[in-house]
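Computed from a predicted model, the values in this text were never measured in an experiment. Every chain is numbered from 1 and lettered A, B, ... according to where its sequence line falls, protein lines coming before strand lines.
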Amino acid sequence: MEKHRVQKLEQLKSYGVTPYVNTFKIPFSSKEIKEKYSDSDKNELLNAKYRFSIAGRVMSIREFGKAAFITIKDRTGDFQVYLKKGEISEEEYKVFKATDTGDFIGTSGFLFKTKTGELTLFAESYKILTKSLRDLPEKWHGLKDVEKRYRQRYTDLIVNEHVKDIFVTRSAVIKRIREFFNKRDFLEVETPMMQPIAGGATAKPFVTHHNALDMKLYLRIAPELYLKRLVIGGLEKVYEINRNFRNEGVSTRHNPEFTMIEWYMAYADYHDMMSLTEELINDVSANVLGKTTIEYNNETISLKRPWPRLTLEEAIEKYAHIDRKKLSDFESAKQTAQENSIKIDESWGKGKIVLEIFEELVEEKLIQPTFIIDYPKEVSPLSKSKADDPETTERFELFIAGFEMANGFNELNDPIDQKERFEKQVLAKDAGDEEAHLMDKDFLRALEYGLPPTAGEGLGIDRLIMLLTNSKSIREVILFPHMRPEDDYDE
RNA sequence: GAGCCGUUAGCUCAGUAGGUAGAGCAGCUGCCUUUUAAGCAGCGGGUCGUAGGUUCGAUCCCUACACGGCUCACCA
């Protein structure tokens, strides 16, 4: 706390004025008032004396002698208040003198225009609604310290306008996504965040414990297996927007908890899903940003449809200039990886090696939206195989700006095949692969009742927001990104 | 988990080839009744991230640790 502020707090109390007012009614936001009167004639305003009450946080005070201009800020923007000794009571003037930037004030008066034509409220009454006991960051440079910005997001939001814009955009994007799916007759559902078996993805889960039931629970790594149970139950078209938790490293693209939308659609296939994805991202960008060409990290990205659909091998051939014949069998794939200094593990099969080559040599080059299709079965334990090629699955991933944005596939609905794949995962788990799937017997039972032909997809909301707000780090689009605790802070 | 970089006033940043620190904004005191980075004059403010070490003396050099950023690894 700042001494001079505490002194002013004491002063206010000595006047018999509370520094924390219970309520103050403001019928209109600053923006609403501006929209209505900004174009009004100066003299007309003076004659009409439109009276309003407004409130907000004091961002700056420009004082001279017996008058002052105060800029306050509410959620819709800034508004200027003019205050003149003699036009408010002596006591109110004393309250004004005890005002610091950062305080919330409430004031009533009439509208007028200054010499420079700025719509301003001429104060006839004045109150401090909430006294602020901490100094705001500096007014020109704002708050730059990244650590403080994330830890004290409230401060960041007060002084860095762009930060607020990102989260306004985030909210609008999610709202539009909901509308997109609702319009198409999808049902929004919520499935367990705490799961006895963390399935639906390959990732290390967080573990917790339920005391009363004395059982281990995992924070979910994906909602996938529950959503498919719902399709089995006849819901046919479902989606869920919620958090997933993965106990892995943090980076500019990874936060331990992140938001995904997953949706499932019976009687659709993965090509339908790709088309829907093109439509979704175009719709969201057009409606939220008003455009479908966006700048990201000094690249211009066009969302114009259709987006290329390349198989893994085609992409490697095109972007890494490696003949796909060199990927056709295990030995040549292994040799190709070694020729390109890509480290491979002894346990990997051909599919995993080809995927690794793709990730090392191609992924970052996929700046324009591109679907990579037909992934090896080896790395796709929940996807359906192609009818004419059982080692390849009908699966795609979407890449934009060099990173993975979405992952979708035709859902494996053969319970016997699924059981075999789970068994392989269990073997891998026993061999030390912490990310391998566990056997989920209830899910197999559900599949035995019959899952209609279904395609499903997951799309990373945070990454989509990064793309649409030109944010280089995922922390810029998450209000409270994960941080180590502060060991101490100044009082 | 590894490497590199950073941490100085409320904020943004300088700085000391080792002699306990400065600027602007913010704050305080004056003057100023239409300013908007208001202006003018003056004043106060720092265990220089933490703990050790070297040294007559450390904010500066060394070591460890903490937190953060970036890159890599893991991954979405």
>> Once hydrogens and angles are ignored, does a donor-acceptor distance under 3.5 Å link the base of B:U33 to the side chain of A:K84?
In response: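 Between B:U33 and A:K84, which were checked side chain against base, a qualifying N/O pair under 3.5 Å is present.
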>> Given A:D156, which partner from the list A:K164, A:H162, A:R149 fulfils the side-chain hydrogen bond (donor to acceptor under 3.5 Å, both in side chains) test?
In response: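 Between A:D156 and the candidates, side-chain hydrogen bond (donor to acceptor under 3.5 Å, both in side chains) is satisfied uniquely by A:R149.
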Check every strand shown and say whether [X] touches a base, only sugar-phosphate, or nothing at a heavy-atom separation below 4.0 Å.
X: A:R475; answer: sugar-phosphate
X: A:N244; answer: nothing
X: A:K42; answer: nothing
X: A:R253; answer: base
X: A:N255; answer: base
X: A:S60; answer: nothing
X: A:T101; answer: nothing
X: A:K115; answer: base
X: A:F112; answer: base
X: A:T71; answer: nothing
X: A:G142; answer: sugar-phosphate
X: A:K204; answer: nothing
X: A:R246; answer: base

> Does A:F167 have A:R170 sitting over its ring (NZ/CZ under 6.0 Å from centre, angle to axis within 45°)?
Replying inline: no
> Is the cationic atom of A:R395 (NZ for Lys, CZ for Arg) positioned less than 6.0 Å from the six-membered ring centroid of A:Y375 and within 45 degrees of its normal?
Replying inline: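 Judged by the rule, A:R395 and A:Y375 form a cation-pi pair.
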> May A:F64 be described as stacking on the base of B:C32, applying a 5.5 Å centroid limit and a 30° limit on plane angle?
Replying inline: no
>> What's the gap between B:G27 and B:G15 when it is taken at their P atoms, as a whole Å value?
In response: 27 Å
> Considering Watson-Crick and G-U wobble pairs with both distances under 3.5 Å, what does B:U35 pair with?
Replying inline: none
>> Under 3.5 Å for both donor-acceptor distances, Watson-Crick or wobble: does B:A2 have a partner, and if so which one?
In response: B:U71
> Would you say A:K148 reaches B:C11's phosphate, i.e. side-chain N/O to OP1/OP2 under 4.0 Å?
Replying inline: yes
> Between A:D41 and A:K113, is there a side-chain N and carboxylate O pair less than 4.0 Å apart?
Replying inline: no
> Would you say A:F96 and A:V81 make side-chain contact, with heavy atoms under 4.5 Å?
Replying inline: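 A:F96 does not reach A:V81 side chain to side chain.
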